[in-house]
Protein chains: 2
Amino acid sequence: MPGPDPVCTEPTPSAAHGGPVSIALARVARMHRIAAGRRLKELELYPGQEMMMMRLWDRGPVRQSELIQSLGLDASTVTKMLQRLEQCGHVRRGPDPADRRAVLVEATDEGRALRAGVEGVWTDLEQLSLSGLGPEDRAELARLLGLVAENLREEAGEAGECPPPPGVC
Amino acid sequence: MPGPDPVCTEPTPSAAHGGPVSIALARVARMHRIAAGRRLKELELYPGQEMMMMRLWDRGPVRQSELIQSLGLDASTVTKMLQRLEQCGHVRRGPDPADRRAVLVEATDEGRALRAGVEGVWTDLEQLSLSGLGPEDRAELARLLGLVAENLREEAGEAGECPPPPGVC
DNA sequence: ACCCATTGATTGGCCGACCAAGGTAATCTG
DNA sequence: CAGATTACCTTGGTCGGCCAATCAATGGGT
């Protein structure tokens, strides 16, 4: 090292010098999550629940195990989250007649009523995050994020599959 | 709408159509965090603690309030995290002679010993995430993340400041 | 000097996330 | 068909995060 860096230059912790993009990604992801959390709070949703609800909006009554697979979460996480969502009326759960150990989950009408709000959160977040970025930069960012996702997919499992609804496709 | 979309096309929840980049960002951030978590577990660190330790490595004994400000976390989060880090010997805490309600925090030698491992996590993560990306793409990704961070900074406060160590600069 | 607002830190509660362990039902196997 | 294995879910524990309420110490106003 030819000489010590001048003092007072790094907002970034020096121990992360080996991963500048990773640190930037972690930072922006955190801010993004905070911004999302604020907006979800106004819908009376906790961060994380929006993904669950979106899954339920897209597919009808679903086995809980399929939600676990689809969201890539731990089974216990899904159990507890669904208990809370059920208790506040956003979700309905019942036994699966075809498999007595499985549980079928479904969004209630009240749960479905949140959809417009959540869509608004995503578009609002997109508009805020990408303000000042031209269509070109946006496409480039999407492409690069896709590449990183591909790189990480092997190690950190996929969190958005599309197991075809049986009978279709 | 001219006709329903063909079934079985969207790994992405349809309610997020208004924020494709935001959804991609959330996805890659989650995978990134999982990959980081795996590596930190081998160092016997929980995700989140690495940021705390990095702050402590860079600055010597720090007031807890400064850590809170610097990490952008809630005061209670920092209190509990430091209690655990202290209990397992990575951190030492003591009263501030200049302000009897403040607490001075410092990394122990054992805590400092984690630094190489954490640096390795960041470089390893960077290498994994950006595999296959040329220097050009990496720079572009860093630039775009910087822009997004700038956009989010107003709402989701800064999480990496550099209040100059008093006396220097 | 006194009172009061501000700052620093802690506690308790809640939620999302994980792991480990357990229980029940279905399925595979001999 | 009985026994072992696997799949599905639940419970209890821990940790990182937040909010609300609390306490102690500092500092400013009059």
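The shown structure was predicted, so the numbers you read here are calculated from the model rather than taken from an experiment. Hydrogens, waters and symmetry mates are skipped; everything else that's a heavy atom, side chains included, is used.
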For this session: Give the minimum heavy-atom separation between B:His90 and B:Glu44, together with the two atoms involved.
Result: CE1-O, 4.4 Å

For this session: Keeping the roles fixed (side chain from A:Trp57, backbone from A:Gly111), state whether a donor-acceptor pair exists under 3.5 Å.
Result: yes

Exercise. Counting just side-chain N and O atoms, does B:Arg100 come under 4.0 Å of either OP1 or OP2 of D:dA24?
Worked result: no

Problem set entry | Euclidean distance, atom CZ of residue B:Arg84 to atom C1' of C:dT10 [Å, nearest integer] | 13 Å

Problem set entry | Enclosure of A:Glu154 CD (heavy-atom neighbours >12, cutoff 6.0 Å) | no

For this session: Look only at the side chain of B:Arg92 and the backbone of B:Glu86, and say whether a donor-acceptor pair between them is shorter than 3.5 Å.
Result: no

Exercise. Side chains of A:Arg55 and A:Ser70: do they bring a donor and an acceptor to under 3.5 Å?
Worked result: yes

Problem set entry | A:Arg38 CZ to D:dC18 P, straight-line distance once rounded to whole Å | 10 Å

Problem set entry | Distance in angstrom units between A:Gln87 CD and C:dC14 P, rounded | 11 Å

Seminar exercise, completed: To the nearest angstrom, the CD-P distance between A:Gln49 and C:dC14 comes to 15 Å

Exercise. At under 4.0 Å, does any side-chain N or O of B:Arg33 touch on OP1 or OP2 of C:dG16?
Worked result: no

Seminar exercise, completed: Taken to the nearest whole Å, CG/B:Leu71 to P/D:dC18 is 10 Å

Exercise. Does A:Asp58 reach the main-chain N or O of B:Ser14 with its side chain, forming a donor-acceptor pair under 3.5 Å?
Worked result: yes

Exercise. Once you round it to whole Å, what is the distance between P of C:dC15 and CE of A:Met52?
Worked result: 14 Å

Exercise. In whole Å, what is the span from the NZ atom of A:Lys41 to the P atom of C:dC14?
Worked result: 18 Å

Exercise. Mapping A:Ala98 and A:Leu85 to their closest nucleotides on DNA chain C, which lands nearer the 5' end?
Worked result: A:Leu85

Using a cutoff of under 3.5 Å, can you pull out all pairs of nitrogen or oxygen atoms linking the protein to nucleotides 7-11 of chain D, with atom names and distances?
| from | atom 1 | to | atom 2 | distance (Å) |
| --- | --- | --- | --- | --- |
| D:dA7 | N3 | A:Arg101 | NH1 | 2.8 |
| D:dC9 | OP1 | A:Val103 | N | 2.6 |
| D:dC9 | OP1 | A:Val103 | O | 3.4 |
| D:dC9 | OP2 | A:Ser65 | N | 2.5 |
| D:dT10 | OP1 | A:Arg93 | NH1 | 3.4 |
| D:dT10 | OP1 | A:Arg93 | NH2 | 3.4 |
| D:dT10 | OP2 | A:Gln64 | NE2 | 2.9 |
| D:dT10 | OP2 | A:Thr79 | OG1 | 3.1 |
| D:dT10 | OP2 | A:Arg93 | NH1 | 3.4 |
| D:dT11 | OP2 | A:Gln83 | NE2 | 2.9 |

Exercise. For the pair made of CG in B:Leu82 and C1' in C:dA9, what is the distance, rounded to whole Å?
Worked result: 11 Å

For this session: Using only heavy-atom distances, determine whether the side chains of A:Gln49 and A:Arg84 contain a donor-acceptor pair under 3.5 Å.
Result: no

